[in-house]
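Bear in mind the structure is a predicted one, so any value in this text is a computation, not a measurement. FYI, side chains are in, hydrogens and waters are out, and symmetry mates aren't considered; it's all heavy atoms of this structure.
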Amino acid sequence: KIKLTKKYNFNMKNYIKKNIDKIRSDFPILNKLQNNKPIIYFDNAATTQKPQVVIDSLKEYYENYNANIHRGVYYLSQKATEKYEETRNIVKNFINAQFDEEIVFTKGATDSLNLLAYSLARTYLKEGDEVIISHMEHHANIVPWQELVKYYGIKLVVLPVDDNGELILSKLEDLITYKTKIISIVHISNSLGTINPIEEIIKKAHEFDIKVIVDASQSIQHTKIDVQKLDCDFLVFSGHKIYGPTGTGVLYGKKKYLKEMVPYQTGGDMILNVTLEKTIFNDIPNKFEAGTPNIEGIIGLGEAIKYFQKYSIDDIYEYEKELLNYATNKVLEIDGIKIIGTSKNKASVLSLYSDVVHPHDLGTLLDEQNIYIRAGHHCTQPIMQRFGIPATARASFAFYNTIEEVEQFIEALNKSIKLFL
Ligand code: PMP
């Protein structure tokens with residue numbers, strides 16, 4: 001077990017802090033050794049580790065009720081369908097959607113955003129219409145819109161970001177024109193950690209009858225999401241970043257829009273009736289779930305959310321924020337390194353840049369000490385260009401991380417930097 005080198009006055013009333021050993025024991029990978037030493041996993045913004053209950057649910061599906069869904073009249077298929085649809089209800093309650101059918105299962109946030117771009121373009125947009133994104137978007141919320149520029153004549157407009165990594169919100173109204181139809185915006189930036197004021201953006205957008213998509217890939221696991229309170233029109237996230245299996249994702253959409261929208265993919269399961277001449281599509285959500293889905297993954301996602309909901313999101317947020325603040329204050333004491341993304345309102349992500357050591361070298365040096373961070377552009381090249389850097393070394397925290405791990409990370413960081421100074 002890693003020991004704290006200095007006393008740290010952590011809020012011991014926090015439930016996560018009090019139960020951290022138990023929480024960590026729920027995640028088998030966290031208790032594995034590499035070269036006989038514990039590992040420190042700080043790449044949670046890329047993907048999170050999975051609790052045993054999620055791992056077990058995948059095995060249980062294949063051992064006990066593996067069958068295709070929605071089609072079978074027999075027990076196994078009905079059981080698989082029931083479990084798959086149970087996750088829809090779990091997600092609906094989790095994000096406080098109004099109806100189960102407002103939850104569409106996808107492969108991940110990327111898949112959800114592609115579905116949206118394609119379907120919104122074909123349903124609502126015409127040549128010359130405008131879509132606003134921000135400078136800090138993940139490629140998954142840039143490239144699909146660029147494709148619409150190419151193939152549908154859509155204009156892509158970008159909300160700028162200031163030197164702290166905050167949206168320049170005062171510019172939003174200037175960018176809105178009578179042709180603006182969609183604003184697609186990240187809630188929490190995966191490379192800067194900025195928490196964007198999406199409530200304000202949604203309110204402003206609705207004054208102009210603009211639909212808003214929220215990319216909640218980095219917020220669903222750190223903050224409370226209530227889609228009715230937010231009043232967002234669409235919201236997307238990936239299952240694997242909230243302790244669920246890879247290859248799973250969610251698209252939430254307001255029922256009235258999903259009903260109007262054309263399907264993204266077509267084929268089996270999304271139809272009511274097919275003749276050789278024409279097809280009548282199924283109702284939502286099936287209209288958007290063509291083909292055999294990732295059944296075991298979606299069932300696992302349900303387990304992940306059930307597991308996550310055992311804890312209070314306020315406790316999780318507070319605990320992770322303490323980790324971030326502690327790490328931030330310690331990094332500020334290190335010469336030769338700076339933080340990219342210094343917004344007042346941040347969550348979970350600490351992106352570092354140094355003129356003396358390349359982020360990749362930093363990543364490799366830390367890896368030698370079993371500390372796993374991410375070095376690169378984090379699929380956000382435009383915001384790297386905005387800051388004039390090729391990459392950052394990013395540590396991102398989850399609620400199973402500890403202050404002792406942060407301490408070790410800081411120590412390793414200090415040692416690594418000293419090699420180059
Ligand atoms: N948006 C954001 C903000 C992300 O952080 C990510 C993943 N890094 C994505 C979208 C894409 O998620 P996925 O790769 O799971 O589809």
Side-chain angles (χ1 to χ4, degrees), residues 1-2 15-17 19-61 87 94 107-109 188 190 193 216-223 237-250 294 296-311 313 315-317 319-324 327 347-350 363 366-367 369-376 378 393-409 412:
K1 197 161 171 177
I2 305 161
Y15 184 87
I16 306 297
K17 174 65 186 167
N19 294 280
I20 191 68
D21 290 340
K22 163 73 182 78
I23 291 169
R24 288 179 66 81
S25 72
D26 291 339
F27 292 80
I29 242 180
L30 298 180
N31 301 300
K32 297 272 183 290
L33 299 178
Q34 176 69 17
N35 297 329
N36 285 321
K37 276 180 24 207
I39 60 164
I40 296 179
Y41 184 76
F42 279 171
D43 196 15
N44 295 289
T47 198
T48 52
Q49 299 303 341
K50 318 303 170 200
Q52 190 68 52
V53 283
V54 170
I55 300 167
D56 288 348
S57 73
L58 305 181
K59 189 160 173 277
E60 198 196 320
Y61 165 75
T87 298
F94 181 50
K107 286 191 295 182
I188 297 183
N190 66 312
S217 302
Q218 297 294 342
S219 57
I220 192 79
Q221 66 285 53
H222 302 300
T223 60
F237 65 89
S238 294
H240 69 96
K241 293 184 202 271
I242 181 163
Y243 312 103
T246 50
T248 63
V250 168
N294 182 355
E296 82 281 17
I298 296 300
I299 292 169
L301 174 60
E303 287 302 322
I305 294 174
K306 274 200 290 191
Y307 173 81
F308 188 71
Q309 283 184 303
K310 287 201 309 192
Y311 307 103
I313 189 73
D315 280 341
I316 289 177
Y317 180 79
Y319 179 76
E320 292 174 342
K321 186 81 184 169
E322 293 251 20
L323 296 180
L324 179 67
S348 177
V349 166
L350 189 62
L366 294 180
D367 171 54
Q369 299 172 66
N370 285 2
I371 300 171
Y372 305 146
I373 62 157
R374 174 59 62 102
H378 320 298
R394 179 189 71 184
S396 52
F397 309 116
F399 75 119
Y400 46 57
N401 288 129
T402 67
I403 207 85
E404 289 85 352
E405 289 180 318
V406 174
E407 185 84 21
Q408 289 243 321
F409 163 66

For [Y], does its backbone N or O pair with a side-chain atom of [X] as donor and acceptor, under 3.5 Å?
X      : Y      : value
Asn401 : Tyr41  : yes
Glu405 : Thr402 : yes
Asp43  : Ser396 : no
Arg394 : Gly376 : no
Lys241 : Thr48  : no
Ser238 : Ser217 : no
Ser348 : Phe397 : yes
Gln221 : Ser219 : yes
Thr246 : His240 : no
Asn294 : Gly247 : yes

*Run the numbers on Lys107 and Thr248 for side chain to side chain contact (heavy atoms under 4.5 Å, CB included), then give the verdict.*
CA-CA 4 Å; Lys107 286 191 295 182; Thr248 63; over 6 Å; no

Compare all side-chain heavy atoms of [X] with those of [Y] and state whether any distance is below 4.5 angstrom.
X      : Y      : answer
Glu320 : Leu324 : no
Asn19  : Tyr311 : no
Ile316 : Ile16  : yes
Ile188 : Thr223 : yes
Gln309 : Phe94  : yes
Arg24  : Ile20  : yes

_Would Leu366 and Phe409 count as a side chain to side chain contact (heavy atoms under 4.5 Å, CB included) here? Give the steps._
CA-CA 8 Å; Leu366 294 180; Phe409 163 66; 3.7 Å; yes

*Can Tyr400 and Asn44 be counted as having a side-chain donor-acceptor contact under 3.5 angstrom?*
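Short answer, yes.
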
*Say whether Asp367 and Tyr372, considering side chains only, have a donor N or O and an acceptor N or O under 3.5 Å apart.*
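Side-chain D/A pair, Asp367 to Tyr372: absent.
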
Quick one: closest heavy-atom pair of [X] and [Y], and the distance?
X      : Y      : answer
His378 : Arg374 : ND1-CG, 3.5 Å
Gln52  : Pro28  : OE1-CG, 3.1 Å
Ala327 : Val406 : CB-CG1, 3.6 Å
Leu58  : Glu296 : CD2-O, 3.2 Å
Thr87  : Ile299 : OG1-CA, 3.7 Å
Gly300 : Pro245 : C-CD, 3.6 Å

*Counting heavy atoms not belonging to Lys321, are there more than 12 under 6.0 Å from its NZ?*
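Correct, the count exceeds 12.
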
So how far is it from [X] [atom1] to [Y] [atom2], rounded to the nearest 0.5 Å?
X      : Y      : atom1 : atom2 : result
Gln408 : Phe42  : CD    : CZ    : 9.0 Å
Glu303 : Ile55  : CD    : CD1   : 12.0 Å
Lys32  : Asn370 : NZ    : CG    : 14.0 Å
Leu30  : Ile40  : CG    : CD1   : 11.0 Å
Gln34  : Ile371 : CD    : CD1   : 13.0 Å

*Decide if the gap between the ring center of Phe399 and the ring center of Tyr243 is smaller than 6.0 angstrom.*
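Centroid separation for Phe399 and Tyr243: below 6.0 Å.
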
*Carefully, step by step, assess Lys22 and Asp26 under the rule side chain to side chain contact (heavy atoms under 4.5 Å, CB included).*
CA-CA 7 Å; Lys22 163 73 182 78; Asp26 291 339; 2.6 Å; yes

_Pair Tyr319-Tyr15, side chain to side chain contact (heavy atoms under 4.5 Å, CB included): steps then yes or no_ = CA-CA 9 Å; Tyr319 179 76; Tyr15 184 87; over 6 Å; no

